[in-house]
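Report on the following structure.
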Amino acid sequence: MAWVLKMDEVIESGLVHDFDASLSGIGQELGAGAYSMSDVLALPIFKQEDSSLPLDGETKHPPFQYVMCAATSPAVKLHDETLTYLNQGQSYEIRMLDNRKMGDMPEITGKLVKSIIRVVFHDRRLQYTEHQQLEGWKWNRPGDRLLDLDIPMSVGIIDTRTNPSQLNAVEFLWDPAKRTSAFIQVHCISTEFTPRKHGGEKGVPFRIQVDTFKQNENGEYTDHLHSASCQIKVFKPKGADRKQKTDREKMEKRTAHEKEKYQPSYDTTILTECSPWPDTPTAYVNSSPSTAPAFTSPQQGTCSVPDSNSSSPNHQGDGVSQACSEQLQPSATIQETQQWLLKNRFSSYTRLFSNFSGADLLKLTKEDLVQICGAADGIRLYNSLKSRSVRPRLTIYVCQEQPSSSPLQGQQPAGSGGDSGSGTPYVYHAIYLEEMVASEVARKLAMVFNIPFHQINQVYRQGPTGIHILVSDQMVQNFQDESCFLFFTVKAENGDGIHIVLK
């Protein structure tokens, strides 16, 4: 037993000696003073893991930075986008800073770039109806613009331009190598685009967006370089100062633990990178703005917008394409969808839905359409998409007598049978009246039986002893629903036009 214990001591001492030797080897290689973390990171295992991480040169570095000299709100939670309050009509500086590193974008060195500043809607649903919203604002504020440049206070901007058809945008050229500041004035307030119900409604937020472009090969400023934006709310004069003070007082009343959930207020607002704002197809292309507020369809449709006399949902003119006369199908192309909108009297929304196919439009819910088009047109468009036609107020059945047959011979009285004396059945057509007036009867008869409407002088009803009674609005209102009539035509006394006689 003693021999076994001695052997264990020998083995243990040998292992300790080997371990000390291995440690001494490490000390001889690195040395106490030469040890550093960089040497450890240089080991192959760390090199392999580090290769998947982006290098400093690969990190995205924006070429420009835009800073608006207005304080951010302290009542914004962490990880939320900053919110800045502005006063209506007050000038605010936006500093245009060159943020390029040495050697970045040498093609714009010593050259001018173009920037477009816009005030746009933050809410995506309002973005869909931007044209209608701005047209309504323009109607209420004739001659005013949503956004202006304060040129006397601005520094380093040249060739400033404003387009009369774009009241919410300004553009200018500037040299990134020189100090540049653009002073802007926002003239619309957030509550102007809020549906007024009981007063004190919460205003909608806007966005200030800056898009910068360089020249292309043709010298046009169309090559996109950088875009950034920030969220704002606009108040009446001095209203932003009061709102900022209210938010600050609310934050002071919160506990220290609650304050940790909110961002601090910064003296300036840094615009964050974003996607470029999509230019409309008509922007800066046609120098003569359209006199009508509604935009025309970008596609040349084959059907015309019906006039007030053809507003019936059952009206189908000659030569109308299938896409226009039938219900919108999910397989309808963009052009067919545009034609369907025109045919159904939604021409003011063809630009808004210029990229929508039939399937895209049919996917929108009733709430979506009401939000996009407003209550009246939204419900009308939804009903049209779902083929909810107006229920007729009166239905009559009409059959035209053959010219060769006698009015009184070989005919059975209307409503007593459906066959002629020779056994040939009479074919009746249904006439649906949405308006209980005589002119509606004449128009529907002309449409169903292919009679030129302008040639119809009068519509008569054959009375006792064969007399002709003029069909008036009061007579139409006393027609029984689903009445049956035969009719024939006679030439007018002056030879110009015809009369229709119902019996």
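In this text, all values refer to a predicted model and were calculated from it rather than measured experimentally. All residue numbers refer to positions in the sequence shown, counting from 1.
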Original post:
Do the side chains of Thr269 and Ile208 get nearer than 4.5 Å, heavy atoms only?
Top reply: no
**OP:** Please name the pair of heavy atoms, one in Gln244 and one in Ser73, separated by the smallest distance, quoted to 0.1 Å.
**Re:** OE1-CA, 3.9 Å
Subject >> Which residues share a salt bridge (Lys or Arg N to Asp or Glu O under 4.0 Å) with Arg179, sequence neighbours left out >> reply: none
**OP:** Using the six-membered ring wherever Trp is involved, compare the ring planes of Phe346 and Tyr349 and label them parallel, tilted or perpendicular (cut-offs 30° and 60°).
**Re:** tilted
Subject >> Asp211 bridged to Arg118 by N-O distance under 4.0 Å >> reply: yes
Original post:
Would Arg207 and Glu81 pass as an ion pair if we require N to O under 4.0 Å?
Top reply: yes
Subject >> Donor-acceptor contact below 3.5 Å, side chain Asn87 vs main chain Gly239 >> reply: yes
Original post:
For the ring pair His224 and Phe213, is the centre-to-centre distance below 6.0 Å?
Top reply: yes
**OP:** Examine distances only and state if a side-chain atom of Ser190 and a backbone atom of Val234 form a donor-acceptor pair shorter than 3.5 Å.
**Re:** yes
**OP:** Check Thr337 against Gly358 and note the closest heavy-atom contact, atom names and distance.
**Re:** OG1-N, 3.1 Å
Subject >> Within 6.0 Å of CG in Asp267, more than 12 heavy atoms from elsewhere >> reply: no
Subject >> Spacing of OH belonging to Tyr382 relative to CG belonging to Leu361, to within rounding of 0.5 Å >> reply: 12.5 Å
Subject >> pair Lys444-Val398: side-chain heavy atoms closer than 4.5 Å >> reply: no
Original post:
Given the rule in the side chain to side chain donor-acceptor pair (under 3.5 Å) test, do Ser115 and Tyr66 qualify, once you have shown the distances and angles that lead to the verdict?
Top reply: CA-CA 11 Å; Ser115 288; Tyr66 318 115; 4.9 Å; no
Original post:
So does Lys178 have more than 12 non-hydrogen atoms from other groups sitting under 6.0 Å from NZ?
Top reply: no
Subject >> Backbone of Thr350 reached by a side-chain donor or acceptor of Ser354 within 3.5 Å >> reply: no
Subject >> Approximate separation, where rounding is to 0.5 Å, of His226 NE2 and Thr212 OG1 >> reply: 7.5 Å
Original post:
Is the CD atom of Gln480 crowded by more than 12 outside heavy atoms at less than 6.0 Å?
Top reply: no
Subject >> Side-chain donor-acceptor contact under 3.5 Å, Gln185 with Ser91 >> reply: yes
Original post:
Leu147 and Ile184: which non-hydrogen atoms are nearest, and at how many Å?
Top reply: CD1-CB, 4.0 Å
**OP:** Mark yes or no for whether Asn216, through its side chain, and Asn218, through its backbone, hold a donor-acceptor pair below 3.5 Å.
**Re:** yes
Original post:
Looking only at atom types and distance, does a side-chain atom of Asp104 sit under 3.5 Å from a main-chain N or O of Lys101, one as donor and one as acceptor?
Top reply: yes
Subject >> Where Trp174 and Gly156 come nearest, the two heavy atoms and their spacing >> reply: CB-O, 3.7 Å
Subject >> Within 6.0 Å of CZ in Arg380, more than 12 heavy atoms from elsewhere >> reply: yes
Original post:
In terms of heavy-atom contacts, does CG of Asp159 have more than 12 from other residues, nucleotides or ligands at under 6.0 Å?
Top reply: yes
Original post:
Would you call the rings of Phe206 and Phe121 parallel, tilted or perpendicular if under 30° counts as parallel and over 60° as perpendicular?
Top reply: tilted
Original post:
Would you call Arg145 and Asp148 a salt bridge, taking side-chain N to carboxylate O under 4.0 Å as the test?
Top reply: yes
Original post:
Do you know the tightest heavy-atom contact between Leu86 and Ala70?
Top reply: CD2-CB, 3.9 Å
Original post:
Is the closest side-chain heavy-atom distance between Ile157 and Leu173 below 4.5 Å?
Top reply: no
Original post:
Are side-chain heavy atoms of Leu112 and Ile158 found at a separation under 4.5 Å?
Top reply: yes
Original post:
Do Met68 and Ile94 come close enough that some side-chain heavy atom pair is under 4.5 Å?
Top reply: yes
**OP:** Classify the ring geometry between Phe235 and Tyr85 as parallel (under 30°), tilted (30 to 60°) or perpendicular (over 60°).
**Re:** perpendicular
**OP:** Would you confirm whether Ser181, through its side chain, and Val155, through its main-chain N or O, come within 3.5 Å as a donor-acceptor pair?
**Re:** no
**OP:** Could you tell me whether a side-chain N or O of Ser154 sits under 3.5 Å from a main-chain N or O of Phe183, the two making a donor and an acceptor?
**Re:** yes
Original post:
Within the side chain of Glu273, is there an N or O that forms a donor-acceptor pair under 3.5 Å with the backbone of Ala228?
Top reply: no
**OP:** Starting at CE of Met153, measure out to CD of Glu93 and round the result to the nearest 0.5 Å.
**Re:** 8.0 Å
Subject >> Donor-acceptor pair, side chain of Ser357 and main chain of Ile334, under 3.5 angstrom >> reply: no
**OP:** Considering non-hydrogen atoms only, spot the tightest contact between Pro176 and Arg100 and give its length.
**Re:** CB-NH2, 4.4 Å
**OP:** Output every pair passing salt bridge (Lys or Arg N to Asp or Glu O under 4.0 Å) with a member in residues 234-250, not counting sequence neighbours, ordered by first then second residue.
**Re:** Lys243-Asp247
Original post:
Among Leu385, Leu369, Val370, which residue meets the side chain to side chain contact (heavy atoms under 4.5 Å, CB included) test with Leu364?
Top reply: Leu369
Subject >> Side chain to side chain, Val120 and Asn168, heavy atoms closer than 4.5 Å >> reply: yes
Original post:
Is any side-chain heavy atom of Glu171 closer than 4.5 Å to a side-chain heavy atom of Lys114?
Top reply: yes
Subject >> Note, Phe353 side chain near Ile372 side chain (heavy atom, < 4.5 Å) >> reply: yes
Subject >> Under 3.5 Å donor-acceptor, Gln88 side chain and His187 backbone >> reply: yes
